[in-house]
Number of protein chains: 2
Amino acid sequence: MSSRRKVVRMATDNRTRSPRSRPARQWPSMADVATMAGVSSQTVSRVANNRQNVDSATREKVLSAMQALGYRPNTAARALVTGRFGALGVVSFDVGAHGNARTLAAIADAAREADFSVNFMGVRAQTEAAVRHAFQHLMLQSVDGIVLVESQMLDTPSLRLPPAMPVVVADGDTGHDHPHVDFDQAHGSHSVVSHLLGLGHRTVWHLAGPVDSFAARRRAEAWRRTLTDAGAPVPPLVYGDWSARSGYRAGLDLARRPEVTAVFAANDQMAMGLMRALHEAGRSVPGDVSVAGFDDVAEAAYLPTPLTTVHQDFEVVGKHCVALLLDQIEGRTDGPLRRAVEPVLVIRSSTASPRPGTSA
Amino acid sequence: MSSRRKVVRMATDNRTRSPRSRPARQWPSMADVATMAGVSSQTVSRVANNRQNVDSATREKVLSAMQALGYRPNTAARALVTGRFGALGVVSFDVGAHGNARTLAAIADAAREADFSVNFMGVRAQTEAAVRHAFQHLMLQSVDGIVLVESQMLDTPSLRLPPAMPVVVADGDTGHDHPHVDFDQAHGSHSVVSHLLGLGHRTVWHLAGPVDSFAARRRAEAWRRTLTDAGAPVPPLVYGDWSARSGYRAGLDLARRPEVTAVFAANDQMAMGLMRALHEAGRSVPGDVSVAGFDDVAEAAYLPTPLTTVHQDFEVVGKHCVALLLDQIEGRTDGPLRRAVEPVLVIRSSTASPRPGTSA
DNA sequence: GGTCGGTATGTTTACGTCAACATATTGAAG
DNA sequence: CTTCAATATGTTGACGTAAACATACCGACC
């Protein structure tokens, strides 16, 4: 008899019910604090927002009530009213890569100083879909602005960004109207190539980063221009993928050509792989071949042959990104729209004049 | 006469006014979509949340209205009601450090797959205040859970975490009741030291990471235990700070001691600096001294002497962190509370048997 | 000693969403 | 044809906060 009854009920319930569990969280609200302190919730709000028109005695009462209850303002409710989130979005490719990691860290530091948190979305594939997904998630009005650390080129010419969302592009395309922050790659490349030519090398080979990287492309372009301007022959471009492995592979090739006396690698990791290949092939650095990198990673100075490279100050980039974003968020329109950070050539032991007898 | 008038007015205004500008943002809301589609906003809500009890014709109408207006759900309003944010917090120290960057990237990847975004807070100083500030910002109920990539030890024994906030600790202290994910540092260390002892070295020196790092401490402890268990003498511990520079410094010292035939550096960067110092001092690797590292950074295989090291799979760590966090967020209590990831010894060319004549 | 300007506080309302409840419509079983 | 359950939709209210508006009080000035 009871078995029949059991079957009858229960069917109406999971019909329209959401799969989520209930909030059930019991954070104290302003109302709780207000009750405890014997004031209105608006006064609590004033104290929470540090307004000046609150009597100091009242303020004390409220503060101690907050303390006692462990009150924390509810970001969601606040954001709903103010339209501000206290968060910046960062969309970036592979953070395992040195430059991107440093940039992210710098942005996060700068953001923290401005009392913003950083909502990070990593993008693995360089497809439009992946980037769009990352943006969509951030664009759900949960950040006040987005830094796009573009670095890699996409198949699509332009992303559709919501007009009301402040955006800053770092290390990326400049063919758009968003403010952007970049290292002056051309300057960096130029200083390396000039340095090597100045040492007496007939020309400088270039081990470039992947074709789909903005930075790699700019470094390569500046390399070519510097050679051309100096009247030096332009050797064929060699491509790597930023990894030490790819530098090694390219190095095996380059080591076989006696006419190669100077190589400018587009980053330090590739320079390391390159040096290893040269070493294996019995060509000394910088005796037979001069090698220069780009980035100045922490260990560049401590390689068997300390690496001549280009130092980049990521801290400054992060600060600039956040500053430009805050300009937009807070409605300032008088700030600059482009900030370039000058990299600095650091000359160590991996570059030297070519041996008198060589190919020149 | 007019000059007097000017002074009189204006004083009431900036009294209670907030310094912020108005929202003024005009995103369409569910109500707008509802009006356009000719349904109630609740029906729009149902469509937005992909509920099943909506007529397909109605659903189409709503969807096209959303499309036309460019509607995006408002995260803040949703979060206010549901108590969920679709965001995970990550609190981490220096992201410039290889391991932390890789961990962050892996967590971000795993989070993205679960359709969560990642709210990143970098902590620079290892002071309680800095960490507390980072937590406070995240704890403002704007994330559903927090991964603390602890790595460095703090002066305070325990952080006060809100009980309702799911937390996972990665790479940190185990003296708490939060689920945690770690590499099995002891296993990694043990395999390196055993490897070196097995090659015939009388003992193995250790170039440790900073004393305030959990990982460094565990690697050092396991190093000591392995030596003790094998009956090998325990040389004095040498400390570095993870950087190639510190490895170089320590290396200058170690190179002077002829009894040093094998050194286990707590990370690859220090191993690089160390090798450079040995090289400068005319001691060959691995001929005179064997060197092993920890991390297996991308370029470890492409150093002049490819480095024997311990490979760590950060992807897996990230996946585990997110999985454990989601377990808590979604109320699953049957999952594991601790996940260890096994690192793998990678033997390359920097380790070999000692020369017959040496000190043994 | 009353008007006035200023300060401290309280009251009301709206932000956008979703859960709970209410209602209309449909179809099937008795 | 009635009864009942299931489905589709609408209505109301609440989440926690801060802006806008309202009130109470205090001191100063003429």
Side-chain angles (χ1 to χ4, degrees), chain A residues 8-34 37-59 61-62 71-85 140-142, chain B residues 8-34 37-59 61-62 71-85 140-142:
Chain A
V8 174
R9 279 290 86 216
M10 166 158 297
T12 17
D13 268 335
N14 49 9
R15 172 180 47 122
T16 53
R17 284 286 292 289
S18 150
R20 327 192 142 85
S21 57
R22 294 83 184 240
R25 186 110 31 96
Q26 241 49 305
W27 295 79
S29 74
M30 281 191 168
D32 300 320
V33 176
V39 298
S40 76
S41 67
Q42 182 56 28
T43 299
V44 178
S45 171
R46 284 190 258 258
V47 172
N49 288 25
N50 211 19
R51 297 290 164 73
Q52 291 317 302
N53 52 343
V54 178
D55 187 76
S56 59
T58 310
R59 182 185 301 273
K61 269 193 306 186
V62 171
Y71 169 78
R72 307 245 156 248
N74 181 317
T75 314
R78 177 176 285 175
L80 181 58
V81 166
T82 62
R84 303 210 28 200
F85 293 81
L140 298 181
Q141 308 163 46
S142 58
Chain B
V8 174
R9 277 289 87 212
M10 166 156 299
T12 15
D13 267 336
N14 49 9
R15 171 179 48 119
T16 52
R17 283 288 290 289
S18 151
R20 327 193 141 84
S21 58
R22 293 80 184 245
R25 187 109 34 94
Q26 240 50 303
W27 296 80
S29 74
M30 281 191 168
D32 300 320
V33 176
V39 297
S40 76
S41 66
Q42 181 57 25
T43 299
V44 178
S45 171
R46 285 190 258 259
V47 172
N49 289 19
N50 211 17
R51 296 290 164 73
Q52 291 318 301
N53 51 343
V54 179
D55 187 77
S56 58
T58 309
R59 182 185 301 274
K61 269 193 306 184
V62 171
Y71 169 78
R72 306 247 157 242
N74 181 317
T75 315
R78 177 176 284 174
L80 181 58
V81 165
T82 63
R84 302 206 34 196
F85 293 80
L140 296 182
Q141 308 162 47
S142 57

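Here is the naming used below: chain letters follow the sequence lines, and residue numbers restart at 1 for every chain.
- Protein atom CG of B/N74 is 6 Å distant from nucleotide atom C1' of C/dG16, rounded to whole Å.
- The listed nucleotides are C/dA20, D/dG16, D/dC15; the one nearest the side chain of A/L80 is D/dG16.
- Listed here is the closest heavy atom pair of A/F85 and A/T75: O-CG2, 4.1 Å.
- Both B/S40 and A/S29 sit near DNA chain D, but only B/S40 has its closest nucleotide nearer the 5' end.
- A straight line from CZ of A/R78 to C1' of C/dG16 spans 18 Å, rounded to a whole angstrom.
- No contact: B/S41 has no heavy atom under 4.0 Å from any strand.
- Not one side-chain nitrogen or oxygen of B/N53 sits closer than 4.0 Å to the OP1 or OP2 atom of D/dT9.
- One can find a donor-acceptor pair under 3.5 Å joining the base of C/dG10 and the side-chain atoms of A/R46.
- A/R59 has its side chain out of reach of A/V39: every pair of non-hydrogen atoms, C-beta onward, lies at least 4.5 Å apart.
- Regarding B/W27, its CH2 atom lies at a distance of 20 Å from the C1' atom of C/dA14, rounded to whole Å.
- To the nearest 0.5 Å, the span separating OG on B/S29 from CZ on B/R72 amounts to 15.0 Å.
- OP1 or OP2 of C/dA8 has not a single side-chain nitrogen or oxygen of A/T58 nearer than 4.0 Å.
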Write out a two-atom table: protein N or O, nucleotide N or O from nucleotides 24-27 of chain C, distance below 3.5 Å.
none

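- Inter-residue side-chain proximity for A/K61 and A/V47 is flagged as unmet; no heavy-atom pair is nearer than 4.5 Å.
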- Item | Derivation of the side-chain contact (heavy atoms from CB on, under 4.5 Å) call for B/V62 and B/M30 | CA-CA 10 Å; B/V62 171; B/M30 281 191 168; over 6 Å; no

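- Residue B/V81 has its side chain nearest to C/dG16 when only D/dG10, D/dA20, C/dG16 are considered.
- The distance from atom CZ of A/R78 to atom CG of B/L80, rounded to the nearest 0.5 Å, is 13.0 Å.
- If you take CZ of A/F85 and P of C/dG16, they are 11 Å apart, rounded to a whole angstrom.
- Taking atom CZ of residue B/R72 and atom P of nucleotide C/dC15, one finds them 22 Å apart after rounding to whole Å.
- Taking both residues in full, the closest heavy atoms of B/W27 and B/D32 are given as O-OD2, 4.2 Å, listed atom of the first, atom of the second, then distance.
- Note: CD (A/Q42) to C1' (D/dA20) measures 9 Å, nearest angstrom.
- In the set C/dT11, D/dT11, C/dA8, the nucleotide with an atom closest to the side chain of A/D55 is C/dA8.
- One finds a side-chain N or O of B/R51 lying less than 4.0 angstrom from the OP1 or OP2 phosphate oxygen of C/dA19.
- The side chain of A/S45 places no N or O atom within less than 4.0 Å of a non-bridging phosphate oxygen (OP1 or OP2) of D/dA19.
- A/A34 and A/S40 make their closest contact through CB-C, 3.6 Å (heavy atoms, listed as atom of the first residue, atom of the second, distance).
- Under 4.0 angstrom from either OP1 or OP2 of C/dC18 there lies at least one side-chain N or O belonging to B/N49.
- Listed pair B/T43 / D/dA8 fails the phosphate criterion, with no side-chain N or O lying under 4.0 Å from OP1 or OP2.
- C/dG10 atom P lies 14 Å from atom CE of A/M30, rounded to whole Å.
- Between the side chain of A/N49 and the main chain of A/R51, no donor-acceptor pair closer than 3.5 Å is present.
- One interatomic measurement links the two molecules: CG of A/N50 to C1' of D/dT17, which rounds to 17 Å at whole-angstrom precision.
- Summary for the helix from C/dG1-D/dC30 to C/dG30-D/dC1: the axes at its two ends, each from 5 pairs, differ by 50° when rounded to the nearest 10 degrees.
- Residues B/A48 and A/A77 both approach DNA chain C. Their nearest nucleotides, taken by heavy-atom distance, put A/A77 toward the 5′ side.
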